[in-house]
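Position 1 is the first residue of the sequence; numbering continues from there.
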Amino acid sequence: MHGEYKVPGGKLVVVDLDTEDGLLRHVRVAGDFFLEPDDAIESIDRALEGAPADTDAAGLSARIEAALPPGTVMYGLSAEGVAIAVRRALAHATDWTDYDWQLIHSTPESPALHMALDEVITTEVAAGLRPPTLRVWEWAAPAVVIGSFQSLRNEVDPEGAERHGITVVRRISGGGAMFIEPGNTITYSLSVPDSLVKGLTFADSYAYLDDWVLGALGDMGITAWYQPLNDIATDAGKIAGAAQKRIVSGTGAVLHHVTMAYDIDADKMLDVLRIGREKLSDKGTRSAKKRVDPLRRQTGLPRETVIERMIDSFRDRYGLTTGKVTDEEMARARELATTKFSTPEWTARVP
């Protein structure tokens, strides 16, 4: 069995192992990490040898930490990262490079249609009818996108939204509200087979699916990191938020979408979103204006160039061919946009 895990902000951990009578056997840990002293790698292998195969990641991590020689230094590696790689091996998880990835980056679409496209495309991936897909959105209109379980009245000021011509839509994933202006926002979706995140906890899957974009930002001179549960941050502030939805039909798939602030009209956002003191207090700031730091300021690059470099980074890592939404997918999405995502019943399902 073979498992791999890219430690967020760190290095790749590779584990090869067998199981015999419910126990781990012939465990070998490798990777491009740094570890001192040299024989600490043997201590890690011995700590895992003979462990019950149903041991969870926390239990495996504890075994590793207890076995490490005094003064061990790990760089780009952690006991938890090794444990996750073991769990992925046991779950027969796949890797990014096991797939032929497809890119969809087309003309601007309405907010409701974007919601529908996410559902349709991810369902197609779950059914094995389309390859794993990176879809970069272009927005035809400003919007507020609220999470699946958020209260409409608590999140959005209807008078402010009407005043600024902003459409309110509800997505199928959880998480918080997103304030969208077409030229100021970068949004993308990953629709991936469930096997890509096998062996990962829900929280770990966020970090795992965000890791490529951290590398892309690093190539643009931005030191960014994953901030649990669903943010991407820098020293200057939050720059992105992610959300996920599991599709359980077929072989299963995960929708992971991210909205990044390229630029932002903070006054307009505050006029539309009801951001309360309680939400701000747990972010360590008194002003919503300080919570999001746009990519335009940090990169000095046009929005289109930032998107191009993100796509190029993904392609260099995993391969990426240009595709499109099929006619059948678009027809289904347009129907869903009308019958579900544009209806008061769905948008206000949590009033």
### Message
Which heavy atom of Ala91 sits nearest to which heavy atom of Lys198, and what is that distance?
### Response
CB-CB, 3.9 Å
### Query
Looking at side-chain heavy atoms only, is the closest gap between Pro182 and Pro142 below 4.5 Å?
yes
### Query
In this structure, which one of Leu190, Asp231, Asp210, Thr187 forms a side-chain contact (heavy atoms from CB on, under 4.5 Å) with Val258?
Asp210
### Task
Step through it carefully: locate the ring centre of Trp212, locate the ring centre of Tyr226, and say whether they are under 6.0 Å apart.
no
### Donor-acceptor contact present, side-chain Thr123 to main-chain Glu119, <3.5 Å
yes
### Query
Does a side-chain heavy-atom distance below 4.5 Å link Asn184 with Ile264?
no
## Note on the structure
side-chain hydrogen bond (donor to acceptor under 3.5 Å, both in side chains) test vs His26 passes for just one of Asp18, Asp45, Thr19, namely Asp18
### Query
With a 4.5 Å limit on heavy-atom distance, are the side chains of Met269 and Asp267 in contact?
no
### Query
Would a 4.5 Å heavy-atom cut-off, applied to side chains only, mark Met260 and Arg303 as touching?
no
### Task
Would you please indicate yes or no on a ring centroid separation below 6.0 angstrom for Phe341 and His114?
no
#### Entry: Lys268 side-chain N/O to Val272 backbone N/O, donor-acceptor pair under 3.5 Å
no
### Query
Is the count of non-hydrogen atoms from other residues, nucleotides or ligands lying under 6.0 Å from Arg153 atom CZ greater than 12?
no
### Query
Tell me, do Glu4 and Val13 make a side-chain contact under 4.5 Å, heavy atoms counted?
no
## Note on the structure
Correct closest heavy-atom pair for Met310 and Ala216 would be CA-CB, 4.1 Å
### Message
Are Val15 and Leu12 connected into the same hydrophobic cluster when the rule is that any two of I, L, V, M, F, W, Y join if their side-chain heavy atoms are below 4.5 Å apart?
### Response
no
### Task
Answer yes or no for Arg88 and Tyr208: cation-pi contact, defined as NZ/CZ to six-membered ring centre under 6.0 Å and angle to ring axis within 45°.
yes
#### Entry: Crowding at CG, Asp100 (>12 non-hydrogen neighbours, <6.0 Å)
no
### Task
Starting from the C-alpha separation in whole Å, work towards a yes-or-no answer on side-chain contact (heavy atoms from CB on, under 4.5 Å) for Leu134 and His105.
CA-CA 8 Å; Leu134 168 64; His105 186 196; over 6 Å; no
#### Entry: Side-chain (Trp346) to main-chain (Arg170) donor-acceptor, under 3.5 angstrom
yes
### Task
Please check if the side chain of Thr185 supplies one atom and the backbone of Glu181 the other of a donor-acceptor pair under 3.5 Å.
yes
### Query
Can you list every pair that meets side-chain hydrogen bond (donor to acceptor under 3.5 Å, both in side chains) and has a residue in residues 70-80, with sequence neighbours left out?
none
### Query
Taking everything shown except Arg296 itself, do over 12 heavy atoms lie less than 6.0 Å from its CZ?
no
### Task
Check whether any side-chain heavy atom of Lys238 lies under 4.5 Å from a side-chain heavy atom of Gln227, and answer yes or no.
no
### Query
Under the 3.5 angstrom rule, does the side chain of Asp157 hit a backbone N or O of Glu159 as a donor-acceptor pair?
yes
### Task
Check whether any side-chain N or O of Gln298 sits under 3.5 Å from a backbone N or O of Leu295 as a donor-acceptor pair, and report yes or no.
no
### Task
Flag the pair Trp101 / Phe314 as yes when their ring centroid distance falls below 6.0 Å, and as no otherwise.
yes
